[in-house]
Each structure stands twice: as structure tokens, then as C-alpha cells.
Amino acid sequence: MKKKSVLVLGVMGILTLSMIGFKNVSAKEPINVSNRDEVTVITAEEQNKVENSTKLSGFIQQENGSGFFFSKVK
């Protein structure tokens with residue numbers, strides 16, 4: 001029983017220390033790797049989805065794999 005509790009506490013300690021270490025490694029802000037502007041083309045169908053949606057904000061997935069976030073202002 002004592003061996004199990006030592007093992008459990010040891011694993012929890014290792015996980016805690018690893019999380020503290022990774023917390024400092026993660027990026028605080030997104031990094032732009034290109035120096036060009038990104039252009040997103042929104043079709044009339046996608047615009048109609050946004051306008052006719054009852055949601056005030058959300059994400060629309062596009063066919064090419066990208067997408068865009070929208071937010072309605074009232």
C-alpha cells in the first residue's frame with residue numbers, strides 16, 4: 001500500500017513539474033511567419049448564412065479548409 005501511494009505521489013509530482021515547465025514555453029501571442037496580408041474571399045452563399053443565422057457570433061467553415069469568424073453588431 002505504501003509503495004502504491006509513493007508511486008502515485010511521484011507521478012503526480014512529475015506531471016505537476018512538467019506542466020509548470022511547459023507553461024513558460026507556450027507562446028503568449030500568435031506569431032506571424034509571413035510578411036504578406038491574408039485575404040479571405042467570402043461567397044454570397046456564406047454571407048447569406050451569416051445574415052440569416054440566429055447566432056450573434058460564430059465560425060463558418062469554408063470548402064478550401066479555411067474559415068472565418070463573424071460577429072453581428074446590433
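Scope of the values below: all heavy atoms of this structure, side chains included, with no hydrogens, waters or symmetry mates.
For the pair F68/V50, a side-chain contact is recorded, criterion being any heavy-atom separation below 4.5 Å from C-beta on.
Annotation for E51: atom CD counts as buried by contact number, over 12 foreign heavy atoms lying within 6.0 Å. In E45, the CD atom is not crowded: 12 or fewer heavy atoms of neighbouring residues, nucleotides or ligands sit closer than 6.0 Å.
Shown here for S53 and F70, the closest heavy-atom pair between the two residues is OG-CZ, 4.4 Å.
Atom CD of Q47 and atom CD1 of I60 lie 11.5 Å apart (nearest 0.5 Å). Distance check, rounded to the nearest 0.5 Å: CD1 of I42 to NZ of K49 gives 12.0 Å.
Judged by distance alone, the side chain of Q62 and the main-chain N or O of V41 form a donor-acceptor pair under 3.5 Å.
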